[in-house]
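Computed over heavy atoms, backbone and side chain alike; hydrogens, waters and symmetry mates excluded. Every chain is numbered from 1, with letters handed out A, B, ... down the list of sequences.
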Protein chains: 2
Amino acid sequence: MKALTIGKVAKQAGIGVETIRFYERTGLLNEPPRNNSGYRQYPPEAVVKLRFIKKAKQLGFSLQEIGELFNLRRQQDATCGDVRIRAEEKITNIEEKIRDLTRMKDALTNLTCQCSGKGPVSKCPILTALEPEKEKP
Amino acid sequence: MKALTIGKVAKQAGIGVETIRFYERTGLLNEPPRNNSGYRQYPPEAVVKLRFIKKAKQLGFSLQEIGELFNLRRQQDATCGDVRIRAEEKITNIEEKIRDLTRMKDALTNLTCQCSGKGPVSKCPILTALEPEKEKP
DNA sequence: ATAATCGCTGTACCATACTACAGAGTCAAG
DNA sequence: CTTGACTCTGTAGTATGGTACAGCGATTAT
């Protein structure tokens, strides 16, 4: 006997009960089985899925994009080549995010270094951090 | 003569005119000087700032957080140690995002590899990608 | 010099992602 | 066996981040 009620799942995933029902309504989560009195019965994996959603949102993915990531997995065996292409798009996308974040981090590190030093900063490293690279003449 | 109208800035930054005015209303952008007829006169750096905002949003930062990043820079010379602490918080935060994205990327790569191979996948690598690490007994 | 385009303010509306009830049934602990 | 916490459905409200006019003046291209 391992099924969880919605409240347990919510607590373990660190999100609200209403939010879970909302995700279900929008189709992001599929409907779990119910017990005799109509209570949702979640398998423990539901917690994993919800934690994934939470994290992915913090990384700038919309609920729709998160759904696409799930679909990628579900359709995997069906239409292999197609899925591969879309997965590679996601990967490229993610790599760009990582690059941007790395630049942003470097800029902030830079800022804290300058802070311990002295003198005015002519160009703001944070702002220019996310500029598209351009060749220097 | 280098001042740009709002339309020029918007085009160069790749965002809408209305959005720029919206950012101004909310205080994310400070009010630019005006010309005789009341038109906003932006310096070229405004484009850099707007592109930063656009990117940062894609990375999961809220407008408020983006504003905090800007403040970090502005207050830099004033309250050095304090700024340093908050900058380091941001850095830690960013490092976690990078870690999560890297895990997600690896999981997707994994998925495309499995795809070219064959056989059913018992555990979904995407879902478990963003799980907090736990020691394996 | 006169449209078309752009800019101004102000207000209203929109999509996304929740969040909060109301009103009724269910379950578990003392 | 009741009382308090939990669940259900349904509907409504909120926060964030825009987007879209209307109604007017300024500018620019022909």
Using the heavy-atom set of chain B and a strict 4.0 Å cut-off, write down the first and last nucleotide of DNA chain C that makes it in, 5' to 3'.
C:dC6 to C:dT9
Please determine if a side-chain N or O atom of B:S37 lies less than 4.0 Å away from the OP1 or OP2 oxygen of D:dT27.
yes
Counting any heavy atom closer than 4.0 Å, what does A:R34 reach on the DNA or RNA strands: base, sugar-phosphate only, or nothing?
sugar-phosphate
Name the nucleic acid region contacted by B:T5, choosing base, sugar-phosphate or nothing; use a 4.0 angstrom heavy-atom cut-off, strictly under.
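If one applies the 4.0 Å heavy-atom cut-off, B:T5 turns out to touch the sugar-phosphate alone, with no base involved.
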Could you check how far [atom1] of [X] sits from [atom2] of [N], rounded to whole Å?
X     : N      : atom1 : atom2 : value
B:Q41 : D:dA26 : CD    : P     : 15 Å
B:L50 : D:dG18 : CG    : P     : 11 Å
B:R25 : D:dG17 : CZ    : C1'   : 11 Å

Under 4.0 Å, heavy atom to any atom of DNA chain D: which of residues 10-23 of chain B qualify?
B:E18, B:T19, B:F22, B:Y23
One thing to verify: whether A:E88 and A:R84 come together as a salt bridge, which I'm taking to mean a side-chain N less than 4.0 angstrom from a carboxylate O.
yes
I'd like to know if A:E68 pairs up with A:R86 as an ion pair, taking the criterion as any Lys NZ or Arg NE/NH1/NH2 lying under 4.0 Å from an Asp or Glu carboxylate oxygen.
no
5'-most by nearest nucleotide on DNA chain C - A:Y39 or B:G38
B:G38
Is there a donor-acceptor contact under 3.5 Å from the side chain of [X] to the main chain of [Y]?
X     : Y      : value
B:K54 : B:G14  : yes
B:E96 : B:N93  : no
A:K97 : B:L101 : no
B:K55 : A:D100 : no

Among residues at least two apart in sequence or on other chains, which ones pass salt bridge (charged side-chain N to carboxylate O under 4.0 Å, His left out) with B:E89?
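By the salt bridge (charged side-chain N to carboxylate O under 4.0 Å, His left out) rule, B:E89 matches no residue at all.
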Would you kindly compare A:I6 and B:S62 by the position of their nearest DNA chain D nucleotide and give the one closer to the 5′ end?
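Result of the comparison: A:I6.
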